[in-house]
**Student:** 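Just dropping this structure here.
In what follows, every chain begins at residue 1, and chains take the letters A, B, ... in the order their sequences are listed.
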There are 4 protein chains.
Amino acid sequence: MITHIEKRGTKTKQRLVEAALVLFVEKGIAATTTRDIAQAAEVAEGTIYRHFESKEALATEIFIEAFSPYSKFLARVEKGEGTLIEKIEASASQFYRLFDENPLLWIYVMTYQTGEASKAPAGTATPYSVLLSLLKKAAKTGEIKNFDPVLGVHILLGMIEQPAVGVVYRELKAPLSPRLPDIMLAIRRVLSL
Amino acid sequence: MITHIEKRGTKTKQRLVEAALVLFVEKGIAATTTRDIAQAAEVAEGTIYRHFESKEALATEIFIEAFSPYSKFLARVEKGEGTLIEKIEASASQFYRLFDENPLLWIYVMTYQTGEASKAPAGTATPYSVLLSLLKKAAKTGEIKNFDPVLGVHILLGMIEQPAVGVVYRELKAPLSPRLPDIMLAIRRVLSL
Amino acid sequence: MITHIEKRGTKTKQRLVEAALVLFVEKGIAATTTRDIAQAAEVAEGTIYRHFESKEALATEIFIEAFSPYSKFLARVEKGEGTLIEKIEASASQFYRLFDENPLLWIYVMTYQTGEASKAPAGTATPYSVLLSLLKKAAKTGEIKNFDPVLGVHILLGMIEQPAVGVVYRELKAPLSPRLPDIMLAIRRVLSL
Amino acid sequence: MITHIEKRGTKTKQRLVEAALVLFVEKGIAATTTRDIAQAAEVAEGTIYRHFESKEALATEIFIEAFSPYSKFLARVEKGEGTLIEKIEASASQFYRLFDENPLLWIYVMTYQTGEASKAPAGTATPYSVLLSLLKKAAKTGEIKNFDPVLGVHILLGMIEQPAVGVVYRELKAPLSPRLPDIMLAIRRVLSL
DNA sequence: GATGAATGAGTATTCATTCAT
DNA sequence: AATGAATGAATACTCATTCAT
């Protein structure tokens, strides 16, 4: 059957991505071999190269595939209507929603981003870039005061992202979304809003 | 001449550690080759093995050497006198002091710790373990209220550690210690203290 | 063409075994490098590891492959019908037959056996174990007299195996099988049979 | 004290030889590292090179030191007075005497001799060369009959040397010298003398 | 004589990638 | 699309040997 063959192909790629993701998070990209990936996905090693140009390309594709929709979401939030705190909440809420759907993927995204620095094309909206622009604007309008925006961004980023690390290391129970109100409360206090 | 007296052996080991540290942070342990290290330290590859049992042992030694004194410091803080906020400030202050002395080393310690999970012997005091015990005690005495201590720990950890990441990626200017008052203010607000 | 059909994989493994055998006998296992083997077999060094887990595994497989059928043969002789001298003759005759087919292989087996002691699983029939059991039984039935069986076994083993060494060092002309009658005559004299 | 220093040197060389001998027999020359030897002899690795030009030279010296007096003994026996059987007995007797003094050394000599072929200078009297010349002469004088001398030599060599192997593998109890009469009886029977 | 740090060539083994089937 | 044998460059690590002290 034709559809069977079609699906086989699609499925194979999906299996490769899923297998690779687990391994990349577990042992890091460099320490994961193509053999590991092929075995976990139950395909031949050569098959990886039917779907991806290289191991690196596979790693990058997983990152981009996840990050780029979120980046677009962040760009929309930045340009949209709303107060500072509403925009921060929208960003964090979406991050936790995505994280809860696939925690492994987002831990991968978080470490990939810092580990390999900015493999994301320059100009892409990142949590850092968007938060920074929001805080700077709010400082200008007097919405917040007495704060170095760059320091503020890092404090906020830490508050939002570190709980995700907690979930992966089983210190915090999934899902993360229900924690949003508590975290937002803390953020509001920090910003005195 | 004074410099003439320095032992060759000690110097070589020190050069290896310094070269490895830079490379480990830059590209990760797995992606750093013994050849890289030897070239950077300007010694023969074989020389690495006169001072360390393996590349892994070198990586572990760098971590332990840095982390274990800080861990002992944390343990002393935990058992010592003082309010919650004083203890948090003491821990963070010491961390920033050490970080400012050698930012690379402490970025390495932070990533090594999470990357390879708990290569630190079980029972060792970590920022997470100490903060958790402090918050739990404070919750019991009513010093703080309405907070899941585990979530609280991750929020605080994020607030303290993320600025260090900012320094390494050149978003925040070193040194970090002068930022302590601002960060402690934010923490006090979060804890409503 | 018929030769076209031969599987590449099988051939490669066979070429590796043959190349390794020559080198192992010539210079010993330890002194033979994987590079030597690969060059002699005209394959890449990495190819060795597609067929064998390690150099040691290759060495062991060659030994087992040759020795284990002979060991089974010895076990059958031991349990079968016949006089002492008939059984000794059967064992020696089979050894010489195999030796004449591939002298190198059997020199390898002889040295491997003693060199690495008993890599052969315990309980395997060896020339020593079988001859010893035969001599002990014959001593009990009175078939032979006045002899320490253990000393006797070593004398007989030396008589049977040392001529094979002579062939390899070109002191005796191959094949060895035609020498069997003379050697058996000597053995009969020693045993006074 | 002067003599103390002198003896220290001599002792060091002796300790090196003894340590190396054990290791060479245990694991083979190639598989024995200079580090192994230095550790076993409790000296620094560099010290080996005060006493020997190379690891190979050390291995060769051990062999020559043991073998060459025996070789001279064999040459004297060959040229001396006596019947065939007396000369064989003298050779074997001396071999067993030396073997009993230091079994390890003589196992080493036996394997070194065959392993590295003829590192002994050409023209040196070896058990093989002497036995061959004796048997050939005896065949000419009619002392023995109906025998290919080369085959005969290998049979006799096997009968004499294999028991030594038995001792090393703990199948036969040391010392070997008391076995000489039984072995000579067997040899006499083989030669019909 | 003795040391032990240092070397550099070499070792077994791994691995991302290719390619004929 | 998929396979898996083959590759060759690279890897962590070893080792006999040297040499300043």
**Student:** Among Val168(C), Val109(C), Val25(C), which one satisfies side chain to side chain contact (heavy atoms under 4.5 Å, CB included) with Leu104(C)?
**Tutor:**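 It is Val25(C); the other options fail the test.
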
**Student:** Which nucleotide, in any strand shown, forms a Watson-Crick or G-U wobble pair with dA12(F), with both distances under 3.5 Å?
**Tutor:**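 dT11(E) is the nucleotide pairing with dA12(F).
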
**Student:** Within the side chain of Thr60(C), is there an N or O that forms a donor-acceptor pair under 3.5 Å with the backbone of Glu56(C)?
**Tutor:**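 Present.
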
**Student:** Tell me: CZ of Phe52(C) to P of dA5(F), nearest whole Å?
**Tutor:**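 One finds 13 Å between P of dA5(F) and CZ of Phe52(C), rounded.
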
**Student:** Among Thr47(C), Val17(C), Leu58(C), which residue satisfies the side chain to side chain contact (heavy atoms under 4.5 Å, CB included) criterion with Ile37(C)?
**Tutor:**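 Answer after filtering Thr47(C), Val17(C), Leu58(C): Leu58(C).
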
**Student:** Tell me the interatomic distance from His51(D), atom NE2, to dT17(F), atom P, rounded to whole angstroms.
**Tutor:**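 Between P of dT17(F) and NE2 of His51(D): 16 Å.
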
**Student:** Less than 4.0 angstrom between a side-chain N/O of Thr12(B) and OP1 or OP2 of dA5(E), yes or no?
**Tutor:**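 Indeed not, no polar side-chain atom of Thr12(B) lies that close.
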
**Student:** Atom OH in Tyr49(A), atom NZ in Lys55(A): separation rounded to 0.5 Å?
**Tutor:**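 With rounding to 0.5 Å, OH (Tyr49(A)) is 8.0 Å from NZ (Lys55(A)).
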
**Student:** Please report the closest heavy-atom contact between Ala40(C) and Ala19(C), naming both atoms and the distance.
**Tutor:**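 In terms of heavy atoms, the two residues are closest at CB-CB, 3.7 Å.
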
**Student:** For dA2(E), which nucleotide in any strand shown is its Watson-Crick or wobble partner with both distances under 3.5 Å?
**Tutor:**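 Its partner is dT21(F).
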
**Student:** Specify the separation, in whole Å, of atom CD of Glu42(D) and atom C1' of dG4(E).
**Tutor:**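 Rounded to whole Å, this separation is 16 Å.
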
**Student:** Taking CZ from Arg15(C) and P from dA5(F), how many angstroms apart are they, rounded to a whole number?
**Tutor:**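 Rounding to the nearest Å, CZ of Arg15(C) and P of dA5(F) are 15 Å apart.
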
**Student:** If I take atom CD in residue Gln39(A) and atom P in nucleotide dT14(E), what distance separates them, rounded to the nearest angstrom?
**Tutor:**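 After rounding, the gap between these two atoms is 13 Å.
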
**Student:** For nucleotides 8-15 of chain F, read 5' to 3', which letter fits each nucleotide if B means a protein heavy atom sits under 4.0 Å from the base, S means only the sugar-phosphate is that close, and - means neither?
**Tutor:** B--SBBBS

**Student:** Between atom CD in Gln14(A) and atom P in dA2(F), what is the gap in whole Å?
**Tutor:**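 Rounded to the whole Å, the gap is 13 Å.
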
**Student:** Between C1' on dA6(F) and NZ on Lys11(C), what's the gap in Å once rounded to a whole number?
**Tutor:**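 Distance, rounded to whole Å: 16 Å.
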
**Student:** Please tell me if the side chains of Arg50(D) and Val43(D) come closer than 4.5 Å, counting only heavy atoms from C-beta onward.
**Tutor:**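 SC-SC contact between Arg50(D) and Val43(D) ruled out.
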
**Student:** When you check the phosphate oxygens OP1 and OP2 of dA2(E), does a side-chain N or O of Arg50(D) lie under 4.0 Å from one of them?
**Tutor:**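 Indeed not, no polar side-chain atom of Arg50(D) lies that close.
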
**Student:** Take the protein atom NZ of Lys13(A) and the nucleotide atom C1' of dA2(F), then report the distance between them rounded to whole Å.
**Tutor:**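 So the two atoms are 16 Å apart, to the nearest Å.
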
**Student:** Under the ring pair (Phe, Tyr, Trp, His ring centres under 6.0 Å) test against Phe63(A), which residue among Trp106(A), Tyr112(A), Phe24(A) passes?
**Tutor:**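 Single ring pair (Phe, Tyr, Trp, His ring centres under 6.0 Å) partner of Phe63(A) among Trp106(A), Tyr112(A), Phe24(A): Tyr112(A).
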
**Student:** Taking for each residue the nucleotide of DNA chain E with the nearest heavy atom, is it Ile48(C) or Ile48(B) whose nucleotide lies nearer the 5' end?
**Tutor:**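 Per heavy-atom nearest nucleotide, the more 5' residue is Ile48(B).
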
